[in-house]
Amino acid sequence: MATERSAKKRVAVLISGRGSNMAALIEAATAPEYPAEIALVLSNRPGAAGLAAAQASGIATAIVDHTRYGKDRESFERALQHEFEAHRIDLVCLAGFMRLLTSRLVGRWQWRMLNIHPALLPAFKGLDTHARALAAGVKIHGASVHFVVPEMDSGPLIAQGAVAVRDNDDEKTLAARVLAVEHRIYPLALALVAQGRVRIVDGRCVIDGARESAGTFIVPDMDDGRRRTEDGG
Ligand code: GRF
């Protein structure tokens, strides 16, 4: 008897610029077993570089230019919702989408709208995260994928990834290493949500079937006596 495969979730990726996270999601979704398909890439900026990349991958694109709506955020969001419905969207991924959404639209997509942020939230919400991390002197920095709630860069965390901050890092080198992490955690987080493995318990995400992580990550990484003992027995 043929077993019916569960339908893939239809995803809209919202971008404003280069779209490298969008490209990572598109690439991940090409795997036959991936539980989601990218059904729409939508930009609020007509010139977003990511649009051409999406089209080259054969993905439907849409532009909802926010400048045409002035201060009328409700109409702008109605146009977004219209596109979501036209493309029968199940999940929305914000990927460098530089517009704040009202609680009306966010509420409508509760636990179905994800965002990626280039910092280990709740640290460094907002813009210029890498410069601020360097200025603060943190030793570990990274990226977070979270469900979107009305408050900016908040909402239950689904996945995070960390990198060591190096003494000679500048904003560019640090951003590049964090971006590589973003491209890993966003496809992971989307897959978990699409599989229905993310539950919200007391305002936090619990991931069904995740292994307990044994990892510890200490920076600075010193070649000290303890490590020699551990290595050498
Ligand atoms: C990423 O760093 C993302 O975390 C942030 O905006 C940037 C978008 O980059 N929200 P890209 O367009 O995905 O390349």
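Heavy atoms only: backbone and side chains are in, while hydrogens, waters and symmetry mates are out. In listed order, ligands and their atoms are each counted from 1. The model shown is predicted, which means the values in this text are computed figures rather than measured ones.
Listed for the Lys139 side chain is no donor-acceptor partner under 3.5 Å among the backbone atoms of Pro220. Listed for the Ser75 side chain is no donor-acceptor partner under 3.5 Å among the backbone atoms of Tyr69.
In this structure His141 satisfies the ring-ring contact (aromatic ring centres under 6.0 Å, His included) test together with His130, sequence neighbours excluded.
Residue Asn115 has no nitrogen or oxygen atom sitting less than 3.5 Å from a nitrogen or oxygen atom of ligand 1, judged on distance alone.
The shortest distance between side-chain heavy atoms of Val148 and Trp109 does not fall below 4.5 Å.
Residue-ligand proximity: Ile116 is placed with a non-hydrogen atom under 4.0 Å from ligand 1.
By the 4.0 Å N-to-carboxylate-O rule, Arg108 lies close enough to Glu85 to be salt-bridged with it.
With atom 5 (C) of ligand 1 as the reference point, the heavy atom nearest to it among Pro118, Ala95, Ala49 is part of Pro118. For the residues Ala48, Gly96, Gly19, the heavy atom positioned nearest atom 12 (O) of ligand 1 is part of Gly19.
Here is the list of ligand 1 atoms found below 4.0 Å of a heavy atom in Glu182: 1 (C), 2 (O), 3 (C), 4 (O).
Regarding atom 9 (O) of ligand 1, its nearest protein heavy-atom neighbour is Arg18 NH2, 3.2 Å.
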